[in-house]
Visitor: 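Before I ask anything, let me first share the structure, which is written out below as structure tokens.
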Amino acid sequence: MLRGVRAALVSAVLVIVAVLAAGPAAHAVQAVSVRPDVPAIDLTEAVELQQTEGDRVQVSTAPGPDGIVRRIEVRARDGGSNWAVLALANTSDEQFDRLIVVPHYQMVGSGLLWPDLGLSRVATITPSAGDRPDRQDSPTADIFRVTLDPGAVITFVIELRTPRLPQIYLWEPEAYKDKVNSFTLYHGMVIGIAGLLALFLTILFVVKGSVMFPAAAALAWAVLIYIGVDFGFWGKVFDMSAGAERVWRACGEAILAATLVVFLFAYLNLSRWHVRYAHVTAGWLVVLATLIGVALWDPAIAAGVARLSLLLVATLGLALVIYLSTHGFDRAVLLIPTWFLLVVWVLAAGMTVTGAVTNDIVGPALLGGLVLIVMLIGFTVMQHAFAGGVTQGIVSDVERRALALTGAGDLIWDWDVGADKVFTSPETEQVLGLKRGTLDGPAANWLEVLHPLDRDRFRAALDSALEQRRGRLMQDFRLRTADGHHLWFTLKARPVVGSDGEVVRLVGTLTDITEFKTAEERLLHDAVHDNLTGLPNRQLFLDRLQAVFAFAKADPTIRPTVMVIDLDRFKQVNDSVGMAVGDSILLTLARRLGRLLKPQDTLARLGGDQFGLILLSEKDSGRIVGFAETMRKAINAPIGFNDREIILTGSIGLALGDGQPQRADEMLKDAELAMYHGKRIGGDRIEIFKPAMRARKTDRLTLESELRRALEREEITILYQPIVRLEDRSVAGFEALARWDHPKMGRLSPSEFISIAEEIGLIVDLGLFAMERTARQLAIWQRAVPTRLPLFASVNVSSRQFLRHDLIHDLRTVMARSGLLRGSLKLELTESLVMENPELATQILQRVKELGAGLALDDFGTGHSSLAYLQRFPFDTIKIDKSFVRTTAKGTRPVILRSIIGLAHDLGMEVVAEGAETDSDAVELYQLGCEYVQGFVFGEAMPAEAARELLARDRLALATR
């Protein structure tokens with residue numbers, strides 16, 4: 001007995017091991033009741049999907065009529081691991097056959113991205129009882145015929161080739177055959193219509209050469225290819241495997257999206273509107289073309305991108321069509337209904353592929369709707385193909401000429417020579433405001449309304465046409481209007497010669513060219529006059545001066561004097577009050593100077609703030625100088641601006657005529673040299689040209705060329721002036737100052753070459769050089785001479801360098817290379833510089849601060865900064881100009897000094913006083929609360945090595961205290 005129990009236990013264990021080795025077993029499925037009178041049953045929800053690790057699966061069958069649940073084991077024939085389990089129960093008393101149908105591809109629920117493009121789903125079906133179902137031949141679905149006995153309950157184990165089973169149906173064979181036949185008829189009709197439409201549009205393309213026709217034909221062929229794949233038509237024509245069908249389906253969707261883009265571009269003629277449309281379209285088509293190659297690798301990815309592209313081109317295309325329609329493009333208006341239907345179709349297709357709509361007939365219906373949309377597109381294209389074709393050939397050549405004349409807006413002019421009667425269009429008299437018939441009659445009547453200066457030319461032109469009997473008459477003249485002013489017309493006419501060889505008529509057109517003549521005169525005036533002041537420009541000035549020299553050859557008493565007037569420091573005026581006020585000031589000065597002249601004199605604006613004068617009314621040199629002095633005083637007179645007055649000065653250069661033949665440009669250059677000489681020695685002067693000034697000009701040109709090479713030759717030196725901390729009289733930092741060690745002229749200060757560098761555009765390179773050299777030297781000092789507080793150095797920044805977009809990049813590079821302590825490299829900017837554009841300056845200064853550089857406001861108090869803006873600027877140091885530091889004639893310091901220091905402290909800024917020259921200055925400044933001082937008494941600008949020695953001595957002195 002014990003042996004029997006032991007044997008039973010061993011048998012049970014072996015069964016359990018076998019079950020575990022075969023894979024997981026499913027619970028018993030619920031059988032679907034099948035009745036003979038039901039033609040079709042959707043089994044999708046009744047199927048249970050399983051996945052095993054091996055090639056076997058164990059399944060619990062549905063309970064049979066006796067209620068017993070059995071277990072069966074099925075081994076995969078194709079070696080798959082995906083399974084579906086289904087149970088069917090025949091509750092009737094008769095035997096019948098059914099078809100298990102699993103479609104290869106269904107648009108419903110296929111997915112938008114990485115869609116399921118269809119494959120053969122079922123490898124084999126194994127029943128729990130009876131014979132294995134027979135596979136039926138079908139290119140579009142896996143079909144198996146099963147026989148259900150009366151009262152039988154059969155469990156079917158389905159071996160799947162894919163993890164997904166989108167749909168599975170149970171069909172009555174005859175009902176399924178009727179359904180296939182009905183869809184076959186529908187598919188044939190749709191494919192036939194699509195084929196005829198594609199063929200018709202291709203023929204239309206051959207007949208009409210417009211680019212929209214091949215685009216429409218390509219779209220029709222793309223639709224035909226797409227629906228042929230979906231309906232399984234191409235599988236009947238070509239031998240395609242399941243994998244090849246997926247590739248064809250993906251390529252068809254990509255081609256459909258591409259041809260839709262091409263049609264939209266061609267139909268709307270988007271290259272006419274903006275070249276960017278062409279670039280976007282070309283890029284889009286390149287992406288879609290690459291999808292065909294992607295489809296060979298992974299059809300699902302290609303189809304997903306194509307479907308997304310179809311959605312984008314439909315929605316964006318509708319927006320573009322509506323936009324162009326509102327901008328008067330009639331062709332876009334005609335496309336709105338069709339494109340709206342396309343958008344609706346795309347949205348419906350999107351709902352279908354995402355599973356929101358699950359009806360079986362929605363897929364074929366959508367494809368039929370796509371053919372309908374292409375048909376509407378074909379009708380729209382045909383409208384353009386045959387537009388105008390009905391009236392072609394009806395209009396005669398004479399009528400065409402008349403239509404062209406009317407369209408051009410020209411007026412008819414006809415002179416019957418024999419009857420001496422002129423006829424012109426009524427519009428001519430309407431334009432002139434004359435009564436009807438005023439211009440009809442003899443040609444001599446036209447002389448009364450012609451401008452007096454045009455009458456002889458008009459008469460001579462008519463006589464010449466009558467004498468030559470050929471050619472073409474083209475004449476511009478002015479006709480007087482009813483209110484007395486004149487309008488310009490151009491007459492274009494040809495003679496008509498009779499049988500006797502004489503001219504019998506002169507026929508042509510009149511065109512109103514008043515606007516053209518006005519614009520031409522305006523252009524001629526603007527070409528030789530200044531737009532702001534209306535004065536002659538440099539070109540007209542030289543032309544008039546040359547004409548004066550020509551008159552002087554015939555009349556020795558004519559001795560012209562050339563003056564050049566240049567305003568001193570006018571750039572600072574523009575910086576402080578703005579360009580608009582600066583232009584107003586120039587206009588005021590031009591009117592002032594113009595009132596001093598006599599009719600024979602010429603005042604011109606040569607450029608910027610520079611004026612030129614040809615003086616003929618005065619010949620005596622003493623009176624000429626006196627006149628120049630009068631002009632200088634006129635410039636010095638205050639100019640009111642709001643509640644303030646602006647006082648300007650000017651440098652005037654004179655070139656006196658000596659009676660010798662000269663060139664206009666040479667005399668003007670001589671006057672300019674005299675003016676520049678006056679500027680160099682202080683401005684607000686009158687200088688008479690002397691030949692020695694030409695040598696100075698040569699020196700300046702040489703200086704400019706040598707300055708360009710100074711950086712390459714390492715002639716620019718950076719010196720460092722100490723900045724002393726008043727608390728302990730220690731060196732807190734340095735200000736970097738540039739010097740030019742000229743090989744011939746020795747060491748030059750910034751005042752002698754900085755202005756030249758700004759004029760020739762070298763100031764940015766000089767500024768970057770000073771910044772890099774100072775940062776590198778400061779890093780050396782910080783490592784070699786450690787201090788209680790971080791040692792700093794400041795570098796001046798010019799306007800061109802500050803407003804240049806590369807300043808932030810240059811500063812970031814310098815800070816990264818040098819490894820300086822944060823805030824130890826300071827950039828010095830003047831008030832006038834930051835107030836030139838406060839909004840932009842605030843942004844740039846904030847970015848400079850974020851990079852770790854310090855900011856110092858130089859020459860504070862000399863500009864016109866607003867306290868409201870000053871609070872917004874992230875400066876950490878204010879440098880007070882020396883004019884506020886030095887004592888007055890009474891031995892006291894300006895009262896405003898204490899206010900400036902208090903203001904700086906309230907804003908959280910430190911103060912550096914410039915120009916302190918004595919120890920008493922330092923003491924008093926310290927008592928006022930000033931932190932730092934800078935002046936020659938505390939140290940002049942010195943080389944880097946001398947500065948290092950000063951730091952070492954300073955640190956030693958502090959240590960011994």
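None of these values were measured; they are calculated from a predicted model.
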Visitor: If you count the non-hydrogen atoms of other residues, nucleotides and ligands that lie under 6.0 Å from CZ in R739, is the total more than 12?
Guide: yes
Visitor: So do L925 and L897 actually touch side chain to side chain, heavy atoms under 4.5 Å?
Guide: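 Of all side-chain heavy-atom pairs linking L925 with L897, at least one is under 4.5 Å.
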Visitor: Run the side chain to side chain contact (heavy atoms under 4.5 Å, CB included) check on F875 and L907 step by step: do they pass?
Guide: CA-CA 9 Å; F875 288 103; L907 295 175; over 6 Å; no
Visitor: Heavy-atom distance under 4.5 Å between the side chains of L903 and I878, does that happen here?
Guide: no
Visitor: When rounded to the nearest 0.5 angstrom, what is the spacing between CG in L825 and CZ in R776?
Guide: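 Reported to 0.5 Å precision, the distance equals 12.5 Å.
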Visitor: Testing the basics here: between S621 and L656, what is the closest heavy-atom pair and its distance to 0.1 Å?
Guide: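 Nearest pair, atom of S621 first, then L656: CB-CD1, 4.4 Å.
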Visitor: Report the C-alpha separation of I686 and L654 in whole Å, then their side-chain angles, then the decisive distance to 0.1 Å, and conclude whether the side chain to side chain contact (heavy atoms under 4.5 Å, CB included) test is met.
Guide: CA-CA 8 Å; I686 299 172; L654 278 70; 3.5 Å; yes
Visitor: Could you give the distance from CG (L811) to CG (L851), rounded to the nearest 0.5 Å?
Guide: 5.0 Å
Visitor: With sequence neighbours left out, write down each residue that passes side-chain hydrogen bond (donor to acceptor under 3.5 Å, both in side chains) with Q846, or none if nothing qualifies.
Guide: none
Visitor: For Q934 and P722, which heavy atoms make the closest approach, and how far apart are they?
Guide: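 The pair with the smallest heavy-atom distance is CG-O, 3.8 Å.
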Visitor: Can you sort out the partners of T717 under side-chain hydrogen bond (donor to acceptor under 3.5 Å, both in side chains), two or more places apart, ordered by chain and number?
Guide: D741
Visitor: Going by side-chain contact (heavy atoms from CB on, under 4.5 Å), name the residues that satisfy it together with Q843, two or more places apart in sequence or in a different chain.
Guide: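 Partners of Q843 under the side-chain contact (heavy atoms from CB on, under 4.5 Å) test: none.
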Visitor: In chain order, what residues pass the side-chain hydrogen bond (donor to acceptor under 3.5 Å, both in side chains) check against E772, with sequence neighbours excluded?
Guide: none
Visitor: So K690 and L673, do their side chains get closer than 4.5 Å, heavy atoms only?
Guide: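 With C-beta onward as the side chain, the pair stays apart.
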Visitor: Tell me every residue that passes salt bridge (Lys or Arg N to Asp or Glu O under 4.0 Å) with R685, counting only those two or more places apart in sequence or in another chain.
Guide: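 With sequence neighbours excluded, R685 shows a salt bridge (Lys or Arg N to Asp or Glu O under 4.0 Å) to E687, given in chain and number order.
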Visitor: If you apply the rule side chain to side chain contact (heavy atoms under 4.5 Å, CB included), what do you find for T877 with V911, and how did you get there?
Guide: CA-CA 6 Å; T877 305; V911 179; over 6 Å; no
Visitor: Within the 4.5 Å heavy-atom criterion, are L596 and M631 side-chain neighbours or not?
Guide: yes
Visitor: For the atom pair OG1 (T602) and CG (L535), what is the distance rounded to the nearest 0.5 Å?
Guide: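 Those atoms lie 10.0 Å apart.
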Visitor: How would you list all residue pairs meeting salt bridge (charged side-chain N to carboxylate O under 4.0 Å, His left out) that involve residues 841-853, not counting sequence neighbours?
Guide: K849-D876
Visitor: Run the ring-centre check on Y932 versus F792 and record whether the distance is less than 6.0 Å.
Guide: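 Yes; F792 has its ring centre under 6.0 Å from that of Y932.
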Visitor: Using a 3.5 Å cut-off and no angle test, enumerate the donor-acceptor pairs between side-chain atoms of residues 578-591 and protein atoms at least two apart in sequence or in another chain.
Guide:
| from | atom 1 | to | atom 2 | distance (Å) |
| --- | --- | --- | --- | --- |
| T588 | OG1 | S584 | O | 2.9 |

Visitor: So which heavy atom on S730 is nearest to which on R955, and how close?
Guide: CB-NH1, 4.3 Å
Visitor: Salt-bridged, E629 to R632, with N to O below 4.0 Å?
Guide: yes
Visitor: Might you point out which heavy atoms bring A736 and I718 nearest each other, and give the distance in Å?
Guide: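 Looking at all heavy atoms of both residues, the shortest contact is CB-CG2, 3.9 Å.
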Visitor: Indicate yes or no: at least one non-hydrogen side-chain atom of K826 is less than 4.5 angstrom from one of L855.
Guide: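 No. Closest side-chain heavy atoms not under 4.5 Å.
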Visitor: Measure from the side-chain N and O atoms of D530 to the backbone N and O of N537, and report whether any donor-acceptor pair falls under 3.5 Å.
Guide: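 Pair absent, no side-chain N/O of D530 close to backbone of N537.
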Visitor: Kindly compute the distance separating CD1 (I652) from CZ (F627), expressed to the nearest 0.5 Å.
Guide: 9.5 Å
Visitor: Under a 4.0 Å N-O cut-off, is there an ion pair linking R729 with D919?
Guide: yes
Visitor: Would you call L928 and R898 a side-chain contact if the rule is heavy atoms closer than 4.5 Å?
Guide: yes
Visitor: Is there a side-chain contact between Q610 and I565, using heavy atoms and a 4.5 Å cut-off?
Guide: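 Side-chain contact under 4.5 Å: no.
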Visitor: Please assess E931 against H905 for the test side chain to side chain donor-acceptor pair (under 3.5 Å), listing each intermediate value before the final yes or no.
Guide: CA-CA 10 Å; E931 288 87 358; H905 290 162; 2.8 Å; yes
Visitor: Checking side chain to side chain donor-acceptor pair (under 3.5 Å) for the pair S794/E735: CA distance, chi angles, key distance, verdict?
Guide: CA-CA 5 Å; S794 58; E735 179 181 1; 5.0 Å; no
Visitor: Could you tell me which residues satisfy salt bridge (Lys or Arg N to Asp or Glu O under 4.0 Å) with R592, sequence neighbours excluded, listed by chain and number?
Guide: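 Counting only residues at least two positions away or on another chain, R592 forms no salt bridge (Lys or Arg N to Asp or Glu O under 4.0 Å).
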Visitor: What are the two closest heavy atoms between G594 and L603, and how far apart are they?
Guide: N-CD2, 3.8 Å
Visitor: Under 3.5 Å, is there a donor-acceptor pair between the side chain of S824 and the main chain of L820?
Guide: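 Not a single qualifying donor-acceptor pair exists.
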Visitor: So, do L597 and L613 sit near enough that their side-chain heavy atoms are less than 4.5 Å apart?
Guide: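 Result yes, sub-4.5 Å side-chain heavy-atom pair found.
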Visitor: Going from CG on L807 to CG on L768, what distance comes out if it is rounded to the nearest 0.5 angstrom?
Guide: 9.5 Å
Visitor: Got a sec, which residues hit salt bridge (Lys or Arg N to Asp or Glu O under 4.0 Å) with R538, two or more places apart in sequence or on another chain?
Guide: E672
Visitor: With sequence neighbours left out, what residues match S818 under side-chain hydrogen bond (donor to acceptor under 3.5 Å, both in side chains)?
Guide: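 Residues passing side-chain hydrogen bond (donor to acceptor under 3.5 Å, both in side chains) with S818: none at all.
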Visitor: Among residues two or more places apart or on two chains, list those pairs meeting ring-ring contact (aromatic ring centres under 6.0 Å, His included) that have a residue in residues 765-791.
Guide: Y720-W781, F734-W781
Visitor: Can F611 and F541 be said to form a ring-ring contact (aromatic ring centres under 6.0 Å, His included), step by step?
Guide: CA-CA 10 Å; F611 295 88; F541 180 83; over 10 Å; no
Visitor: Could you go through the side chain to side chain contact (heavy atoms under 4.5 Å, CB included) check for I624 and L615 one step at a time?
Guide: CA-CA 8 Å; I624 292 174; L615 186 64; 4.1 Å; yes
Visitor: Please enumerate all residues that pass side-chain contact (heavy atoms from CB on, under 4.5 Å) together with D568, with sequence neighbours excluded.
Guide: T649, S651, K679, D684
Visitor: Under 3.5 Å, side chain of E914 to main-chain N/O of V933, donor-acceptor pair present?
Guide: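 Answer holds: no.
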Visitor: M815 and A853: which non-hydrogen atoms are nearest, and at how many Å?
Guide: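 Looks like CE-N, 4.3 Å.
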Visitor: When rounded to the nearest 0.5 angstrom, what is the spacing between CD1 in I635 and OG1 in T630?
Guide: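 Going from the CD1 atom of I635 to the OG1 atom of T630 covers 11.0 Å.
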